Protein chains: 2
Amino acid sequence: MDSAPNTSLRIELNDKIFLRDPQATDLGRRLVAESVLLIDEMGFEHFTFKKLAQRLNSTEASLYRYFENKHRLLVYLVSWYWAWLRYQIRFHTHNVPDARERLRLVLRILTHAHYDDPSTPQLDEAALYRIVVNEASKAYLTKEVDHDDQAGLFREYKALAASIVAVVQGINPTYPYPHALVSTLLEAARKQLFFAQHLPSLTDTPTMAVEDALYGFLEHLAFSTLG
Amino acid sequence: MDSAPNTSLRIELNDKIFLRDPQATDLGRRLVAESVLLIDEMGFEHFTFKKLAQRLNSTEASLYRYFENKHRLLVYLVSWYWAWLRYQIRFHTHNVPDARERLRLVLRILTHAHYDDPSTPQLDEAALYRIVVNEASKAYLTKEVDHDDQAGLFREYKALAASIVAVVQGINPTYPYPHALVSTLLEAARKQLFFAQHLPSLTDTPTMAVEDALYGFLEHLAFSTLG
DNA sequence: TTATTTTTGATAGTAAAACTATCAAACAAG
DNA sequence: CTTGTTTGATAGTTTTACTATCAAAAATAA
């Protein structure tokens, strides 16, 4: 898959997510880059700001100036990923006239867009995608979900879903569940990859690469549903 | 929907989940029943054994004799739910000859089986289902997933999925992704309910009851996929 | 009924997590 | 060179997530 051009893609996220923009300072940028590696290594539950500070030769207090807590950092990382994915989709589909072909491209990006992206040298894309697969649900599966949603913390995920809904509606404007279908496809893309890696009896053992099998499943699901 | 007969359904779970069988003692049974209410109230992250002990007029140390930690308790609760659901499905479908009709019944139970069940007076079914919707993914989205799986902690979920896969294969034996389809249906049933309650733009606003709309979505998805 | 095993409660304690506060040093910008 | 911003260093608090010990109570077996 071709990547977006190497023009140092700048992603703007809702500033309610952080206390201070981590992209604005050196420590902030290192915080984000290193947290991706550390959360990927040890999992979100075992990750702490203290451990991250040690890796950065900084202090806990310094990191707490950027994010209220580690949950907000997770929201930041996954939001960044959703924004990046939406950009990838827009870039690769914007001059594709046929809606069906656009959906196929979307599904292909969804299932294959986790290789290190040269346009974002500051971030380990592959590690970030593993975080998205393993941890993204925890961003909204909390008691504070309504409060966080009102603050706009899930804006990027909703914007991504909305952009794909438009493609679905372009294919079949009478299909009654376009939003449910899109969120199901988005969730299934991650969940099935997780199952393939950890609980393989919950998915189908591929004779080819996992990503291609996953694409086959989602494509069949989407197109038979949309007719 | 009719319920299973009131014969005090006894569910046997993998004894690797607990240190001591909570169903064997009075404190153990109260632990389980009260933990359902408390986790439902405050969410899994804010739930602690100390708070539970206070509600039970017991002590932290006593509760730690039943479960290694709160994660194991969560695994216990959701496993109990999956076992109960599998029982409901078997009970309601065992004399239905047509595979398509059996799948419809499965989907109806999946989307509607969260009303208080008279056959289990010791547990608040509705609260437990809210826990399953909000917290069940956290049972396996951990760094310890492979270790926990080897210990058999996800046996009930896998058994439930396998039983539904058999129904799917009865409908269309040549469909190449039966396991992926079933786990997607199981996950979507919960996730879409969560979205309907908290992030409604990710699902389709129903003109009827949420459960009926969800059933409609899943039925359409399953049957158009299976042909 | 007594003896024995099991279960619980009470108490105490530890290590780590999840923060918050303060202040001086470093540094960057005007 | 002054001012504002950022960081580091240090210290401290509360809560979480446990573990250990021992006596009391309760269940069970002889």
Side-chain angles (χ1 to χ4, degrees), chain A residues 15-35 38-39 41-77 135 138-139 141-144 147-148 153, chain B residues 15-35 38-39 41-77 135 138-139 141-144 147-148 153:
Chain A
D15 60 16
K16 292 274 175 62
I17 297 175
F18 45 77
L19 298 171
R20 180 181 304 181
D21 183 2
Q23 296 305 328
T25 65
D26 179 64
L27 181 63
R29 286 184 294 267
R30 292 195 300 127
L31 185 174
V32 170
E34 198 67 27
S35 71
L38 203 53
I39 294 173
E41 270 175 42
M42 56 178 48
F44 186 66
E45 274 70 37
H46 299 298
F47 167 85
T48 69
F49 276 7
K50 189 169 193 176
K51 291 171 186 167
L52 180 58
Q54 278 161 4
R55 290 262 286 240
L56 294 169
N57 288 318
S58 178
T59 63
E60 252 184 303
S62 296
L63 306 187
Y64 274 107
R65 288 173 182 131
Y66 287 89
F67 292 98
E68 221 177 297
N69 51 51
K70 69 174 183 171
H71 181 259
R72 291 294 171 113
L73 171 58
L74 178 64
V75 170
Y76 183 89
L77 295 178
E135 323 287 2
K138 298 170 191 168
L141 289 180
T142 70
K143 266 294 168 192
E144 294 79 31
H147 182 266
D148 288 354
L153 264 56
Chain B
D15 60 15
K16 292 274 176 60
I17 299 175
F18 45 76
L19 298 171
R20 182 180 299 179
D21 184 2
Q23 295 305 328
T25 64
D26 179 64
L27 181 63
R29 285 183 293 267
R30 292 196 298 129
L31 187 175
V32 170
E34 198 69 27
S35 71
L38 203 53
I39 294 173
E41 270 175 40
M42 56 178 49
F44 185 65
E45 273 70 36
H46 299 300
F47 167 84
T48 69
F49 276 7
K50 189 169 194 176
K51 291 170 185 168
L52 179 58
Q54 280 162 1
R55 290 262 286 240
L56 294 168
N57 288 318
S58 178
T59 64
E60 252 183 306
S62 296
L63 304 188
Y64 274 107
R65 288 174 183 131
Y66 288 90
F67 293 97
E68 222 177 298
N69 51 52
K70 70 175 183 172
H71 180 260
R72 291 294 170 114
L73 171 58
L74 178 65
V75 170
Y76 182 89
L77 295 179
E135 323 286 2
K138 298 169 191 169
L141 289 179
T142 71
K143 267 291 168 193
E144 295 78 31
H147 182 267
D148 288 354
L153 264 56

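In what follows, chains carry the letters A, B, and so on, assigned in the order in which the sequence lines appear, proteins first and then strands, with residues in each chain numbered from 1. Predicted, not measured: the structure shown is a model, and the values here were computed from it.
Residues B/Tyr66 and B/Thr25 have side chains that bring a donor and an acceptor to within less than 3.5 angstrom of each other.
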Look for any protein N or O under 3.5 Å of an N or O in nucleotides 6-12 of chain D and output each such pair with its distance, or none.
residue	atom	partner	partner atom	Å
D/dT7	OP1	A/Tyr66	OH	3.0
D/dT7	OP2	A/Arg20	NH1	3.4
D/dT7	OP2	A/Tyr66	OH	2.7
D/dG8	OP2	A/Ser58	OG	2.6
D/dG8	OP2	A/Ser62	OG	3.4
D/dG8	N7	A/Arg65	NH1	3.4
D/dG8	O6	A/Arg65	NH2	2.7

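Atom CG of A/Leu19 and atom C1' of C/dC19 are 12 Å apart (whole Å). Atoms CD (A/Glu45) and C1' (C/dA18) sit 15 Å apart, rounded to a whole Å. As a whole-Å value, the separation of A/Leu52 CG from C/dC19 P is 14 Å. We find that NE2 of A/His71 is positioned 12 Å from P of C/dC19, with the value rounded to whole Å. Atom CG of B/Leu73 is separated from atom C1' of D/dA17 by 14 Å (rounded to the nearest Å). Between the NZ atom of A/Lys70 and the C1' atom of C/dA18 there is a distance of 9 Å, given to the nearest Å. The nearest whole Å value for the distance from the CG atom in A/Asn69 to the P atom in C/dT20 is 9 Å. Separating the CG atom of A/Leu74 from the P atom of C/dA18 is a distance of 13 Å, rounded to the nearest angstrom.
For A/Lys51 and C/dA17, the shortest distance from a side-chain N or O to OP1 or OP2 is below 4.0 Å. Neither OP1 nor OP2 of D/dT15 sits under 4.0 Å from any side-chain N or O of B/Lys50.
In this structure, CD in A/Glu144 is found 11.0 Å from CG in A/Leu153, a value given to the nearest 0.5 Å. Taking CG of A/Leu77 as the start and NZ of A/Lys70 as the end, the distance is 12.5 Å to the nearest 0.5 Å. Between atom CD1 of residue A/Ile17 and atom CG of residue A/Asp148 there is a gap of 10.0 Å, rounded to the nearest 0.5 Å.
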### Message
What verdict does the side-chain contact (heavy atoms from CB on, under 4.5 Å) test give for A/Leu52 and A/Leu31, after you've listed the backbone C-alpha separation in whole Å, the side-chain angles of each residue and the deciding distance to 0.1 Å?
### Response
CA-CA 8 Å; A/Leu52 180 58; A/Leu31 185 174; 4.0 Å; yes

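Within the 4.0 angstrom heavy-atom criterion, only backbone atoms of the sugar-phosphate kind lie near B/Glu68; the bases stay farther away.
For the salt bridge (charged side-chain N to carboxylate O under 4.0 Å, His left out) test, residues two or more places apart in sequence or in another chain that qualify with A/Glu34 are A/Arg55. Every residue meeting the side-chain contact (heavy atoms from CB on, under 4.5 Å) condition with A/Lys50, not counting sequence neighbours, appears here in chain and number order: A/Thr48, A/Gln54, A/Glu60.
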